[in-house]
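In this chain, residues are counted from 1 in sequence order. Start at 1 and go down the list; that is how both ligands and their atoms are numbered. Keep in mind that the numbers below use all heavy atoms, side chains included, and drop hydrogens, waters and symmetry copies.
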Amino acid sequence: MKTLGQFIIEKQADFPFAKGELSRLLRDIGIAAKMVNREVNKAGLADLLGGYGETNVQGEVQQKLDVYADVQFISALQRGGECCYVASEEHELGIDLSHDFVSKNAKYIVCIDPLDGSSNIDVNVSVGTIFSIYRRGGTEGITMANDLLQQGKQQVAAGYIIYGSSTMLVYTTGNGVNGFTLDPSIGEFCLSHPNMKIPDNGQIYSINEGNYIKFPQAIKNYIKYCQIEDAETKRPYISRYIGSMVADIHRNLIRGGVFIYPETLSFPKGKLRLMYECNPMAFIIEQAGGKATTGSERILDIQPTELHQRIPIVIGSRKMVEKVEYFYRMECEPSLNV
Ligand code: P6P
């Protein structure tokens with residue numbers, strides 16, 4: 001079995017001018033992932049369940065493991081010296097590491113959701129980490145406009161770790177998607193899913209139907225479309241919703257399907273965050289042959305305006321995403337035949 005470290009070094013040759021910085025940065029993320037995995041796996045025993053008593057910048061109650069994961073990833077990036085700035089879901093302004101001697105010439109910026117879906121921790125449902133890597137814009141100080149608010153298509157790498165029945169790290173550097181499963185017996189991520197591709201079509205739709213009355217009409221119409229009997233398109237489709245973005249999208253990456261978190265009356269701009277949830281997942285899914293839009297606009301083309309901005313997301317099998325886009329257009333152009 002090829003380990004993550006061996007694979008990263010081997011693929012480094014794909015980047016003729018690479019001097020190993022990105023490889024070391026991915027290694028640092030892999031180390032933090034193993035530390036978080038250890039605590040997630042024993043959360044119930046190590047009194048790491050439950051709330052931390054604080055709320056994060058999103059106004060969400062921080063779970064103890066959220067805070068632990070945030071500390072582990074930031075510390076690993078700080079020690080590694082390849083990252084000059086970390087934008088985390090858990091911090092309003094992010095952490096400028098470029099003042100540290102070890103990171104003063106670091107070339108990369110990391111946007112991260114240290115523990116996504118953390119409200120599921122106490123009920124033992126899969127949670128995940130999502131990360132996105134950019135090059136810093138210039139050699140001067142880190143600025144929001146020049147360095148942080150880059151479009152998703154500027155990412156040099158993106159990935160996620162899913163802490164589930166097994167722990168996997170899935171990432172892309174723009175040359176396809178590869179999945180690594182943690183082998184606890186040797187403490188290494190091993191290549192288990194080379195060159196991952198999402199099926200072009202699927203029968204799974206993933207959306208929180210509890211919000212149905214808050215959805216735009218186009219999404220209400222699409223949900224009804226999924227439920228209508230039609231042998232040719234294998235409908236009714238299967239509804240699967242875990243409530244953990246990493247777990248829902250990982251399942252669809254393997255089985256085929258579409259994940260939708262649209263604009264709603266409660267979240268008029270959508271709930272999920274552009275910089276450290278939607279952009280990295282969009283990069284991965286596009287690299288796996290799928291599609292990721294807001295329902296009309298390609299996510300990787302969006303020009304960010306703020307670090308924690310939220311957007312609607314329709315992501316997964318290309319044909320399923322295109323069908324949702326069709327319902328949005330039809331809502332705008334009712335003359336279109338279904
Ligand atoms: P809802 C978890 O809190 C999260 O950020 C994503 O992981 C998940 O897809 C979504 O929110 C679930 O939101 O409103 O359906 O509970």
Side-chain angles (χ1 to χ4, degrees), residues 36 40 43 49-52 54-67 69-70 73 87-91 111-132 158-164 167-168 170 204-216 219-220 222-223 239-253 255 257-282 284-285 290 292-295 299 307-316 321 324:
V36 172
V40 166
L49 292 181
Y52 179 68
E54 306 287 333
T55 56
N56 63 16
V57 64
Q58 322 295 336
E60 295 166 345
V61 173
Q62 281 183 308
Q63 301 290 331
K64 291 176 183 175
L65 268 176
D66 279 292
V67 176
D70 185 56
F73 279 100
S88 165
E89 181 195 40
E90 304 300 332
H91 298 267
C111 299
I112 190 165
D113 186 352
L115 206 62
D116 177 72
S118 54
S119 55
N120 289 309
I121 293 166
D122 290 0
V123 294
N124 215 6
V125 167
S126 300
V127 293
T129 297
I130 311 172
F131 62 89
S132 171
Y160 60 82
I161 298 99
I162 178 168
Y163 310 97
T167 294
M168 278 191 72
V170 175
I204 294 172
Y205 71 104
S206 186
I207 187 169
N208 183 346
E209 294 190 55
N211 294 325
Y212 182 84
I213 56 172
K214 301 175 184 174
F215 287 152
I219 294 298
K220 291 179 179 177
Y222 178 70
I223 290 172
S239 176
R240 287 287 182 274
Y241 192 73
I242 299 168
S244 180
M245 183 191 200
V246 170
D248 278 314
I249 292 180
H250 181 72
R251 178 205 53 241
N252 291 350
L253 171 56
R255 295 267 174 81
V258 64
F259 172 85
I260 308 170
Y261 208 112
E263 62 282 12
T264 70
L265 296 177
S266 308
F267 291 103
K269 293 185 178 176
K271 176 185 181 185
L272 300 177
R273 274 73 59 158
L274 173 61
M275 296 308 293
Y276 40 79
E277 291 175 330
C278 299
N279 268 338
M281 298 311 264
I284 292 164
I285 292 299
T293 77
T294 60
I299 284 178
L307 202 49
H308 299 285
Q309 82 181 71
R310 302 172 189 267
I311 59 160
I313 183 167
V314 182
I315 184 170
V321 172
V324 179

Trainee: Are F73 and F131 side-chain neighbours, meaning at least one heavy-atom pair lies under 4.5 Å?
Mentor: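 Not in contact.
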Trainee: Any donor and acceptor pair, going by atom type alone, linking the side chain of D248 with main-chain N or O of G243 inside 3.5 Å?
Mentor: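 Such a contact is found between D248 side chain and G243 backbone.
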Trainee: Taking T294 for the side chain and P312 for the main chain, is one N or O donor matched with an acceptor at less than 3.5 Å?
Mentor: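 No: the side chain of T294 does not pair with the backbone of P312.
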Trainee: Is the ring pair H308/Y276 parallel, tilted or perpendicular, if the boundaries are 30 and 60 degrees?
Mentor: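 Taking Y276 first and then H308, their aromatic rings stand perpendicular (interplane angle over 60°).
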Trainee: Is the closest N or O pair between N211 and ligand 1 shorter than 3.5 Å?
Mentor: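 Between N211 and ligand 1 (N or O atoms, distance only) the closest approach is not under 3.5 Å.
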Trainee: Which atoms of ligand 1 have any heavy atom of M245 under 4.0 Å away?
Mentor: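 What qualifies from ligand 1 is 6 (C), 7 (O), 8 (C), 9 (O).
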Trainee: For L272, take its heavy atoms, then give the atoms of ligand 1 lying under 4.0 Å from any of them.
Mentor: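 By the 4.0 Å cutoff, the relevant atoms are 5 (O), 6 (C), 11 (O).
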Trainee: Return yes or no for this condition: an N or O of D116 is under 3.5 Å from an N or O of ligand 1.
Mentor: yes
Trainee: Could you tell me whether the side chain of T264 and the main chain of F215 form a donor-acceptor pair under 3.5 Å?
Mentor: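 No, because the side chain of T264 does not come within donor-acceptor range (under 3.5 Å) of the backbone of F215.
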Trainee: Are more than 12 heavy atoms from other residues, nucleotides or ligands located less than 6.0 Å from atom NZ of K214?
Mentor: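 At most 12 heavy atoms, drawn from other residues, nucleotides or ligands, come within 6.0 Å of this atom.
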Trainee: Grab the two heavy atoms, one from V127 and one from G117, that are nearest each other, plus how far apart they are.
Mentor: CG1-O, 3.2 Å
Trainee: Does only the side chain of F259 get under 4.0 Å from ligand 1, or the backbone, or both, or neither? Count heavy atoms.
Mentor: side chain
Trainee: Would you say K271 and ligand 1 have an N/O pair spaced under 3.5 Å apart?
Mentor: yes
Trainee: Need the ligand 1 atom indices (1-based, order shown) with element for anything under 4.0 Å from a heavy-atom of E277.
Mentor: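 Checking each atom against E277, I get 5 (O).
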Trainee: Is there a nitrogen or oxygen of D248 sitting under 3.5 Å from a nitrogen or oxygen of ligand 1?
Mentor: no
Trainee: Give yes or no for whether the N/O distance cutoff of 3.5 Å, strictly under, is met between V246 and ligand 1.
Mentor: no
